[in-house]
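First comes the structure, then the notes that go with it.
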Amino acid sequence: MDDGRRPRHIAIIMDGNGRWAHSRDLPRVRGHEEGIQSVREVARECARLGLIQLTLYAFSVENWKRPKREVEFLMRLLERFLVSEREEIEENNIRFAAIGRLHELPSFVVDELNRTIEMSKHNTGLTLCLALNYGGRAEILDATRRIASLVREGKVAPEQIDETLFERCLYAPEMPPPDLLIRTAGEMRVSNFLLWQISYAEIYVSSVCWPDFRREELHRALEAYSKRVRKFGGLQETNVEG
Ligand code: FPP
């Protein structure tokens, strides 16, 4: 596959952990644990392929509505993941990042997040970004508040507000927009993920639950992506003259 047909940035809505566990008569949380294996394998493969970024929707602003025990389990799992994957992150030259209302996460998670970000900041390969306590609408509102403050302080005039300025106020201004948005477990929804950034992303829905989404499934998605024709609202290159 030539580089032009490979996405630079893949974003994934990891869905179906509960269904994976339920179909095996296991507690839901076992699905989350198994999902970690998929995170590791998919991140490793994206790094090996030379992708610029992989962004994973690990915890949404809406996920606080889940039973308290499940939320606590997910936070502890995240803490364990951040500690146990450091070696893997280093070995694969991965730069770790996170987006979302991170300050509202438990301090034991924030501490490990900061450690992993700091430790990996000089790596030059794949950026592995976790969306945590993340919501697309929340991100747009947070950016709007920052712009409103700039206007109030007299640093920006309302006429100067354009897409470039807006993007500079998002959680990760330097991130390239996702080329490919993958959702697992067959759901056809965007679920408040990267609403600004996915404007022109190609969407690929896999019927497989996240714990079963491994290297082969990733390659299936990449194969489908390589056949898409991206026009960004314009015409296909071969049609420009006609
Ligand atoms: C969706 O499955 C998954 C989540 C809400 C959490 C995603 C978390 C993981 C994959 C594990 C933790 C990840 C990291 C990086 C630490 P669901 O529970 O909504 O599944 P269901 O729709 O089948 O019930």
Side-chain angles (χ1 to χ4, degrees), residues 10-47 53-89 92 94-102 104-106 108-117 119-120 126-136 138 181-194 205-215 217-218 221:
I10 299 181
I12 306 185
I13 303 173
M14 308 181 287
D15 199 7
N17 292 352
R19 273 162 281 175
W20 180 92
H22 184 73
S23 69
R24 285 162 178 79
D25 270 335
L26 295 168
R28 289 179 54 77
V29 292
R30 276 288 298 117
H32 298 318
E33 274 177 344
E34 196 59 28
I36 295 282
Q37 310 299 330
S38 300
V39 169
R40 184 180 303 125
E41 193 167 314
V42 168
R44 194 186 287 165
E45 187 63 1
C46 288
Q53 183 154 338
L54 172 67
T55 303
L56 302 173
Y57 205 2
F59 194 86
S60 75
V61 287
E62 287 83 19
N63 284 153
W64 299 107
K65 287 186 250 166
R66 294 191 174 208
K68 195 164 167 265
R69 283 191 52 184
E70 184 173 339
V71 170
E72 273 169 17
F73 182 91
L74 280 168
M75 292 300 148
R76 288 295 171 188
L77 187 64
L78 183 59
E79 180 193 24
R80 264 194 282 148
F81 169 86
L82 290 166
V83 176
S84 67
E85 296 312 298
R86 279 193 195 132
E87 218 176 292
E88 176 83 14
I89 287 173
N92 289 284
I94 291 172
R95 205 172 64 90
F96 183 82
I99 52 170
R101 289 181 171 166
L102 305 177
E104 291 170 2
L105 292 166
F108 60 84
V109 171
V110 176
D111 289 348
E112 297 304 342
L113 274 176
N114 288 336
R115 266 183 215 129
T116 313
I117 292 168
M119 173 211 81
S120 67
L126 177 81
T127 296
L128 170 61
C129 177
L130 293 191
L132 294 165
N133 192 23
Y134 177 86
L181 173 69
I182 298 176
R183 181 163 188 152
T184 58
E187 305 293 348
M188 306 278 183
R189 284 190 294 277
V190 169
S191 296
N192 201 14
F193 191 36
L194 300 175
V205 175
S206 165
S207 57
V208 159
C209 289
W210 176 249
D212 286 330
F213 192 95
R214 300 285 163 94
R215 204 177 7 240
E217 295 300 329
L218 175 69

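Both counts, for ligands and for their atoms, begin at 1 and track the order of listing. Excluded from the calculations below are hydrogen atoms, water molecules and symmetry mates; all remaining heavy atoms, backbone and side chain alike, are included.
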With heavy-atom distances below 4.5 Å as the criterion, would you say the side chains of [X] and [Y] are in contact?
| X | Y | result |
| --- | --- | --- |
| Arg40 | Phe81 | no |
| Glu79 | Pro106 | no |
| Phe73 | Glu33 | yes |

Just to confirm my output: which protein heavy-atom neighbour is closest to [atom], and how far is it?
| atom | result |
| --- | --- |
| atom 1 (C) of ligand 1 | Met14 O, 3.1 Å |
| atom 11 (C) of ligand 1 | His32 O, 3.6 Å |
| atom 22 (O) of ligand 1 | Arg19 NH2, 2.9 Å |
| atom 20 (O) of ligand 1 | Gly18 N, 3.0 Å |

Check: Asp15 N/O within less than 3.5 Å of ligand 1 N/O: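 So ligand 1 has an N or O lying under 3.5 Å from an N or O of Asp15.
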
Ring-face cation contact, Phe96 with Arg115, 6.0 Å cut, 45° max: no

Just which atoms of ligand 1 are under 4.0 Å from any heavy atom in [X]?
| X | answer |
| --- | --- |
| Ala58 | 6 (C), 7 (C), 8 (C) |
| Leu78 | 16 (C) |
| Trp210 | 10 (C) |
| Arg28 | 17 (P), 18 (O), 24 (O) |

Aromatic plane relationship, Tyr57 with Phe193 - under 30° parallel, 30 to 60° tilted, over 60° perpendicular: parallel

Closest candidate by heavy atom, reference atom 13 (C) of ligand 1, pool Asn17, Ile36, Leu56: Ile36

Nearest candidate to atom 19 (O) of ligand 1, where distance is taken over non-hydrogen atoms, out of Glu33, Gln37, Arg66: Arg66

Salt-bridge present (Glu217, Arg214; N to O < 4.0 Å):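 No salt bridge links Glu217 with Arg214.
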
Check ion pair Glu34-Arg24 (N to O, under 4.0 angstrom): no

Sidechain-backbone polar pair: Thr184 side chain, Cys209 backbone, donor-acceptor under 3.5 Å: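 Not at all, since once roles are kept as given, no pair shorter than 3.5 Å links the two residues.
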
Heavy-atom gap Ala185 to ligand 1 smaller than 4.0 Å: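 No heavy atom of Ala185 comes that close to ligand 1.
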
